[in-house]
Amino acid sequence: MTTPKVKQDQGHGGCCCTGKSTVSTNEHEAGIDRPESLPLQQLRVKGAHCGGCVKNIEQTLRSVAGVSEVSMDLATGIASVVGIVEPNDLIEALDRVGFPAAAIN
């Protein structure tokens, strides 16, 4: 007799959902070197549970035209984006991949 296989929910993008992060929201500590001429925008992102989610979010944000640097902090749910880009373009890109977001003013 064989045991039926149960598909486990792997979250967004096939992540492992371990929920561990030690990334800082400080742009220098997060590895973002921002030229003064480029604006920094921050988004509160919902639905990220692990490093796989963070990777998916960062890749999605990098794919938006005008983005130079991206860093996502899993612990706070804040994504920092450097570049000349409209916040709504970032929010829409994340929404398409299942991560609702809002600009932080």
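Closest approach of Gly47 and His49 over heavy atoms only: O-CD2, 3.0 Å. Heavy atoms only, all atoms of each residue included: Ala75 and Asp73 are closest at N-OD1, 2.9 Å. Here the shortest heavy-atom pairing between Leu74 and Gly51 reads CD2-N, 4.3 Å. Scanning all heavy atoms of the two residues, the minimum distance from Ala101 to Val45 falls at CB-CG2, 4.2 Å. In this structure, Val85 and Ala65 approach most closely via the heavy-atom pair CG2-O, 3.6 Å. Contact detail for Ile84 and Pro39: the closest heavy-atom pair is CG1-CD, 4.0 Å.
Interatomic distance, Arg44 CZ to Thr76 OG1, rounded to the nearest 0.5 Å: 7.0 Å. Rounded to the nearest 0.5 Å, atoms SG (Cys50) and CG (Asn56) are 9.5 Å apart. Atom CD of Gln41 and atom OG of Ser80 lie 10.5 Å apart (nearest 0.5 Å). One finds the CD1 atom of Ile57 at 12.5 Å from the CG atom of Leu90 (value rounded to the nearest 0.5 Å). Summarising the geometry, atom CG belonging to Asp89 is positioned 11.0 Å from atom CG belonging to Leu94; distances are rounded to the nearest 0.5 Å. The OG atom of Ser71 lies 10.5 Å from the CD1 atom of Ile78; values are rounded to the nearest 0.5 Å.
The side-chain heavy atoms of Leu61 and Leu43, taken from C-beta on, include a pair separated by under 4.5 Å.
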